[in-house]
Each structure stands twice: as structure tokens, then as C-alpha cells.
Amino acid sequence: MDIVILAVVIAVVVLGALGGLIVGSRRKKQLPPPPPAAPDITAPPAEPHVGDEAETPREEPRRTIEEVDLPDGSAPVVVEEPPAEAPEIEIPEPTAGRLVRLRARLSRSQNALGKGLLTLLSREHLDEDTWEEIEDTLLTADVGVQPTQELVERLRERVKVLGTRTPDELRTLLREELVTLVGRDMDRTVRTEPEDRKPGIVLVVGVNGTGKTTTTGKLARVLVADGQSVVLGAADTFRAAAADQLQTWGERVGAHTVRGPEGGDPASVAFDAVKEGKEMGANVVLIDTAGRLHTKTGLMDELGKVKRVVEKQAPVDEVLLVLDATTGQNGLVQARVFAEVVDITGIVLTKLDGTAKGGIVVAVQRELGVPVKLVGLGEGADDLAPFEPEAFVDALIGE
């Protein structure tokens with residue numbers, strides 16, 4: 001009996017030991033990972049102690065008042081920035097005789113007309129076929145039908161009376177008739193100096209691409225060369241950089257430019273330009289208008305509005321229509337429409353040194369009944385010249 005009891009006790013002990021081992025191994029597997037190490041935290045600097053806890057002050061070297069550098073009381077040095085360099089003002093060429101100086105450039109493309117006429121008139125027998133060739137030469141040069149017929153009729157009569165014709169006589173004859181056709185007695189003065197007031201007001205109009213803004217800038221140079229002070233009105237607010245272009249022209253000769261915001265009201269800019277011109281005592285105000293297409297009725301109406309607004313301050317003395325001479329007879333259509341909107345008083349023919357036909361001078365004057373007052377003969381700043389009929393005809397017929 002004792003042996004059985006002892007065996008049971010041993011068995012219970014063995015089972016208990018085995019159970020403890022199993023439970024212990026399971027607990028080891030389920031233990032969570034150890035927490036991460038805490039970061040090193042730098043303690044904030046200790047606050048200064050006061051009272052009994054204050055530390056004994058340490059001895060530090062001290063400087064006497066003689067050793068301390070004191071300010072001498074002088075004003076601080078101010079570094080001045082160099083002023084922005086003003087653009088150098090140019091002195092334009094005098095306008096007197098300018099067309100004569102540019103004669104070679106003009107005759108470069110115009111000699112065909114004069115030489116062609118002289119060659120035909122030099123024939124021994126001037127029959128009907130020859131006179132038809134003379135008419136064709138004049139029509140090809142954009143002279144126009146009616147002026148051509150008038151010129152041929154006068155040449156017929158004078159050649160018949162002259163009889164025998166020497167080259168010099170023919171040249172003199174042709175020169176006289178061409179000068180008469182171009183218009184010797186027309187007033188070609190650009191009216192910029194009204195007697196009763198200042199400033200004179202000039203409106204520059206024309207379609208896109210004729211060189212209108214450039215012509216306005218060159219005209220400013222012409223006026224400055226004649227001793228007049230100029231204010232420029234950049235009323236072309238629709239073309240990008242038109243105001244910048246005009247201002248650059250003005251700065252080169254010392255002319256003040258009045259401008260407005262891009263896309264703004266052109267009439268407002270024109271009004272302000274005249275107002276400032278009065279306040280400054282300027283001699284002339286040049287107003288560059290937008291290069292509006294003559295087929296756009298609304299835009300043409302706006303051009304009329306610009307003129308009406310300006311005239312609330314003073315009358316417009318001159319309205320210059322800028323035409324591209326290379327467009328020939330097509331330019332006459334533009335001229336007619338502009339003349340209906342504003343009273344054109346003068347014409348500026350640009351690009352007359354290129355492929356333009358010299359006869360356009362006669363045709364456009366006949367169409368509008370107003371004179372050509374200025375001609376553009378190149379890309380140079382001083383290539384705008386007052387129109388002189390005699391010098392122009394001399395360039396046409398050559399030496």
C-alpha cells in the first residue's frame with residue numbers, strides 16, 4: 001500500500017514539472033518586444049540663480065573708457081547709386097534741301113519713267129503707235145488715266161510747235177510738263193504754327209503697314225530740326241509696342257511722349273496729349289492714331305471720334321494721311337475712305353525709294369485734291385523729306 005501511494009506522488013510531481021515547463025516556454029514566445037531606447041534629451045540651460053543660490057562672480061578683464069573706440073560724430077557715409085543714363089539726344093539733319101540730298105535714292109527706281117518717255121519722244125517720227133506707247137508708260141507708272149491724257153495732249157501740241165527736237169530741248173520740255181502735272185503751285189507747308197495759339201495739332205492717320213508710327217517719329221525729327229518743340233501722343237493703343245516705338249523716337253530728339261494703357265481709349269490719350277502740350281508750351285503736338293483698316297466701319301467711326309475729342313480743346317491744324325507708295329492705285333481706295341471720315345489736308349508717301357511708281361504722286365493728289373507734303377525715301381531716321389516738285393521731277397528724268 002505504501003508503495004502505491006509513493007508511486008502516485010512521484011507521478012503527480014513529474015506531471016506538475018512537465019506542465020510548468022510547457023507554460024514557461026509559451027510565455028517566452030508571447031512576450032512583446034522591448035521598448036525602444038529613449039532619445040538623449042539635452043537639458044535646457046539652467047536659469048541664473050539668485051539670492052543665496054547665486055554663484056560667486058568670476059573676475060573678467062575690463063577695458064577703461066580710454067580703450068573703447070567711440071564714434072567720432074561724423075555723418076554716415078551714404079553710397080549713392082549712379083543715376084540712370086539719359087538717352088543721348090540726337091541733332092537731326094536740317095530739312096532744307098533734304099530731298100535734293102536724297103535724290104540719288106529716289107532716282108534709283110524712278111529713272112525708268114523718265115528715260116522711257118525721253119526715248120519715245122526722241123524718235124524721228126512720232127506716230128500714233130508711239131503716242132500710245134507714251135500713254136502706256138505713264139499708266140504703268142501709276143499716273144492715272146485723266147492726268148495721262150492731259151499730259152499726252154500737251155506734249156503733242158508742244159512737240160508739233162517745236163519741230164526739230166534736240167535731247168536738251170526734249171528734256172526741258174518733259175521736265176516742264178511733269179512739274180506742271182505734279183503741281184508747282186500747291187501749298188506743301190505742314191501747318192504746325194497757327195498764328196493765334198500754341199500748340200499746332202497734327203493728326204497722323206493711315207492703315208496698317210504703311211509705316212505710320214515710324215513716319216510720326218521721323219516727322220518729329222523734321223520739326224525738331226526746324227527748331228520746334230514737340231509732344232507726341234501715342235493714341236495707337238491697339239497695336240502691341242506701338243507706344244514704346246513712338247516713345248523711343250521721341251527720346252532720340254528730346255520730344256515728350258504721352259501714352260495710355262494698352263487697349264485703352266485712343267481719344268483719351270489724344271486729349272491728354274493736347275492738354276500736356278498746352279501746359280508745356282510746346283510748338284507742336286503730333287498724334288499717332290491706330291492703323292485701322294479702312295474696311296472696318298466701326299474703327300473708322302472711332303477715328304472720327306478722336307478728331308472730335310481733340311477739337312474740344314483746339315482745332316486740328318493738319319491731318320496727314322500716310323500711304324504706302326508701293327500699293328499704287330490700291331492706295332487710292334484707302335485715300336477715298338479716309339477722306340470721308342476726316343478732312344485730309346496732306347499726304348505722306350512712304351517707301352517711294354523701292355518699287356513704287358513715281359506717278360502715284362500725281363494720281364493721289366488728283367484723287368483727294370490735296371498735296372503730297374512729305375515723302376519717305378528709306379529706312380534711315382532722316383529719310384523723310386518735304387516734297388519738292390522740281391527735285392522730284394529731276395529724279396524722275398535723271399541726268
Side-chain angles (χ1 to χ4, degrees), residues 142 144 182-183 186-192 200-220 222-223 232-236 238-239 242 246 266-267 270 284-297 299-308 310-311 315-352 354 356-377 383-387 389 392:
D142 288 332
V182 171
M186 302 183 79
D187 182 11
R188 303 182 187 277
T189 305
V190 180
R191 295 192 295 270
T192 58
I201 301 172
V202 179
L203 201 63
V204 184
V205 302
V207 302
N208 292 317
T210 58
K212 184 172 45 53
T213 300
T214 299
T215 298
T216 305
K218 290 182 179 181
L219 179 55
V222 170
L223 295 173
L232 298 172
D236 185 355
F238 299 109
R239 184 170 67 87
L246 189 64
V284 188
V285 175
L286 297 179
I287 300 174
D288 175 34
T289 60
R292 53 199 80 245
L293 295 172
H294 65 281
T295 55
K296 303 293 185 181
T297 305
L299 293 176
M300 294 300 292
D301 291 342
E302 188 175 346
L303 177 59
K305 173 189 172 185
V306 170
K307 186 171 184 287
R308 291 192 301 272
V310 168
E311 288 180 332
V316 174
D317 300 288
E318 192 84 63
V319 180
L320 296 177
L321 173 63
V322 181
L323 291 177
D324 183 342
T326 61
T327 60
Q329 295 292 318
N330 292 333
L332 301 183
V333 179
Q334 303 171 10
R336 280 194 292 268
V337 178
F338 275 94
E340 294 172 1
V341 179
V342 289
D343 296 326
I344 305 298
T345 60
I347 302 159
V348 182
L349 279 177
T350 63
K351 307 177 186 177
L352 199 56
K357 314 291 178 49
I360 190 62
V361 173
V362 176
V364 73
Q365 288 184 155
R366 288 294 185 94
E367 180 66 33
L368 296 182
V370 295
V372 171
K373 295 190 173 183
L374 298 162
V375 288
L377 300 169
D383 289 340
L384 185 71
F387 184 74
F392 178 74

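Values below: all heavy atoms of this structure, side chains included; hydrogens, waters and symmetry mates excluded. All figures in this text were calculated on a predicted structure; none of them were measured in a lab.
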Any carboxylate oxygen within less than 4.0 angstrom of a Lys/Arg side-chain nitrogen, looking at [X] and [Y]?
X: Asp383; Y: Lys218; value: no
X: Asp317; Y: Arg191; value: no
X: Lys307; Y: Glu311; value: yes

Non-hydrogen side-chain atoms of [X] and [Y] separated by less than 4.5 Å:
X: Gln365; Y: Val372; value: yes
X: Thr289; Y: Asp236; value: no
X: Leu323; Y: Val348; value: no
X: Leu368; Y: Ile347; value: yes
X: Ile287; Y: Val204; value: no

Least distance between heavy atoms, [X] atom then [Y] atom:
X: Arg188; Y: Pro371; answer: NH1-CB, 3.6 Å
X: Val306; Y: Ala270; answer: CG1-CB, 3.9 Å
X: Phe338; Y: Gly206; answer: CZ-C, 3.6 Å
X: Gly211; Y: Thr215; answer: O-OG1, 2.6 Å
X: Lys373; Y: Asp187; answer: CE-O, 3.8 Å
X: Asp343; Y: Val319; answer: O-CB, 3.4 Å

Roughly how far, to the nearest 0.5 Å, is [atom2] of [Y] from [atom1] of [X]?
X: Asp324; Y: Lys351; atom1: CG; atom2: NZ; answer: 4.0 Å
X: Phe392; Y: Leu377; atom1: CZ; atom2: CG; answer: 9.0 Å
X: Leu321; Y: Lys212; atom1: CG; atom2: NZ; answer: 10.5 Å

Requested in this report: Carefully, step by step, assess Val205 and Leu303 under the rule side chain to side chain contact (heavy atoms under 4.5 Å, CB included).
Outcome: CA-CA 8 Å; Val205 302; Leu303 177 59; 3.7 Å; yes

Fill in: Side-chain donor-acceptor contact under 3.5 Å, Asp288 with Thr213
yes

Please assess Leu320 against Leu219 for the test side chain to side chain contact (heavy atoms under 4.5 Å, CB included), listing each intermediate value before the final yes or no.
CA-CA 11 Å; Leu320 296 177; Leu219 179 55; 3.8 Å; yes

Exercise. Using atom types as modelled and distance alone, determine if a side-chain donor or acceptor of Thr350 lies under 3.5 Å from a backbone N or O of Thr210.
Key: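 Yes; at least one donor-acceptor contact below 3.5 Å.
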
Exercise for the section: Test Val361 against Phe387 for side chain to side chain contact (heavy atoms under 4.5 Å, CB included), laying out the working first. Expected result: CA-CA 10 Å; Val361 173; Phe387 184 74; 3.7 Å; yes

- Task: Please assess Leu374 against Leu349 for the test side chain to side chain contact (heavy atoms under 4.5 Å, CB included), listing each intermediate value before the final yes or no.
- Result: CA-CA 6 Å; Leu374 298 162; Leu349 279 177; over 6 Å; no

